[in-house]
Amino acid sequence: MSKNHWFLTNTNMNIKRVKQGANITYYNGIYMIFLGIYNIFFTGFNMKSNFDAISQLWGFFAKYNSPIAKMFYLYSIVLGILLISEGVVIMYLSDFIFKRKEKMTWVILFLSGIISWAGLLTVSILFKNYWLIGLTFLGWLTFIIGMLIPIKYYLEKNYREY
């Protein structure tokens with residue numbers, strides 16, 4: 001096997017990995033959109049789960065402290081909207097990586113995805129909402145897998161320095 005043939009085979013394999021990683025993160029963005037929709041439409045269920053974790057009754061709290069309960073509802077809806085918008089960003093960047101394989105796009109996707117998934121997982125853990133912890137951990141894990149598959153390509157790729 002010639003050196004040139006090995007290089008082309010290795011490059012093709014790395015490009016396949018980039019495309020696999022981009023596909024995984026693309027579908028991770030779709031998953032994040034669905035998680036955002038879930039957060040918006042199942043706010044009551046989330047609030048009950050959050051309050052059960054701290055041994056309080058959501059219905060009792062909502063009845064006797066309705067202005068603050070409304071803030072919790074609005075927080076959950078805003079969180080859902082932010083998840084939808086971050087899911088769109090992840091999908092767009094993944095699609096861009098699939099087409100162009102640029103390192104800077106991969107870095108931006110990596111940072112935005114890690115920050116959003118880790119932040120969401122941290123909040124879910126602090127709320128002790130096991131349902132959201134599971135859903136968020138699944139999203140975080142698939143995102144990490146999608147980022148690690150093509151990492152060799154981006155670490156080995158030579159870029160000009162200006």
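Placement of Y92 and F98 in two distinct hydrophobic clusters is found when ILVMFWY residues are connected by side-chain heavy-atom separations under 4.5 Å, directly or transitively. Linking ILVMFWY side-chain heavy atoms closer than 4.5 Å, directly or via other members, places L83 and V78 in two distinct hydrophobic clusters. Residues I125 and F143 fall within the same hydrophobic cluster, defined by Ile, Leu, Val, Met, Phe, Trp and Tyr side chains chained together at heavy-atom separations under 4.5 Å. The hydrophobic clustering, which links ILVMFWY residues whose side-chain heavy atoms are closer than 4.5 Å, places I115 and L141 apart. I37 and L74 are members of different hydrophobic clusters when ILVMFWY side chains are connected at heavy-atom separations under 4.5 Å.
Nearest heavy atom pair, residue G113 against residue E86, reads N-OE2, 4.0 Å. Heavy-atom minimum distance, W106 versus P150: NE1-CG, 3.8 Å. Among all heavy-atom pairs drawn from L82 and S85, the shortest one is O-OG, 2.9 Å. Between L109 and M147, the shortest heavy-atom contact is CD2-CE, 3.4 Å. The shortest heavy-atom contact between R17 and I149 is O-CG2, 3.3 Å. Summarising the geometry of I90 relative to T25, their closest heavy-atom pair is CG2-O, 3.1 Å, with the distance given to 0.1 Å.
Distance check: S76 OG to I81 CD1 gives 10.0 Å after rounding to the nearest 0.5 Å. A distance of 10.5 Å separates CZ in R100 from CG in D95, rounded to the nearest 0.5 Å. T136 contributes atom OG1, which lies 11.0 Å from atom CH2 of W131 (distance to the nearest 0.5 angstrom).
Residues L35 and I84 are not in side-chain contact: their nearest non-hydrogen atoms beyond the backbone lie 4.5 Å or more apart. In this structure, T142 and Y27 have side chains that are not in contact, with every pair of non-hydrogen atoms separated by 4.5 Å or more. The shortest side-chain heavy-atom distance between L120 and L79 falls under the 4.5 Å cut-off. Taking the side chain as every heavy atom from C-beta outward, W117 and N28 approach each other to under 4.5 Å. By the 4.5 Å heavy-atom criterion applied to side chains, I97 and Y26 are not counted as neighbours. Using a 4.5 Å cut-off on side-chain heavy atoms (C-beta onward), L93 and I108 make contact.
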(message) If you apply the rule side chain to side chain contact (heavy atoms under 4.5 Å, CB included), what do you find for L135 with Y38, and how did you get there?
(response) CA-CA 11 Å; L135 292 174; Y38 165 81; 4.2 Å; yes

(request) Could you walk me through whether N39 and I77 pass side chain to side chain contact (heavy atoms under 4.5 Å, CB included), step by step? (result) CA-CA 6 Å; N39 241 21; I77 292 169; over 6 Å; no

(message) Run the side chain to side chain contact (heavy atoms under 4.5 Å, CB included) test on Y31 and L138 for me, step by step, so that the C-alpha distance in whole Å, both residues' side-chain angles and the decisive distance to 0.1 Å come before the verdict.
(response) CA-CA 10 Å; Y31 179 77; L138 179 65; 3.7 Å; yes

(message) Between K128 and I133, does the side chain to side chain contact (heavy atoms under 4.5 Å, CB included) criterion hold? Intermediate values first, please.
(response) CA-CA 8 Å; K128 298 176 185 172; I133 290 171; 5.7 Å; no

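Classified by interplanar angle (parallel below 30°, tilted 30° to 60°, perpendicular above 60°), the ring pair W140/F137 is tilted.
Summarising the local packing, CZ of F34 is surrounded by 12 or fewer heavy atoms from other residues, nucleotides or ligands at distances under 6.0 Å.
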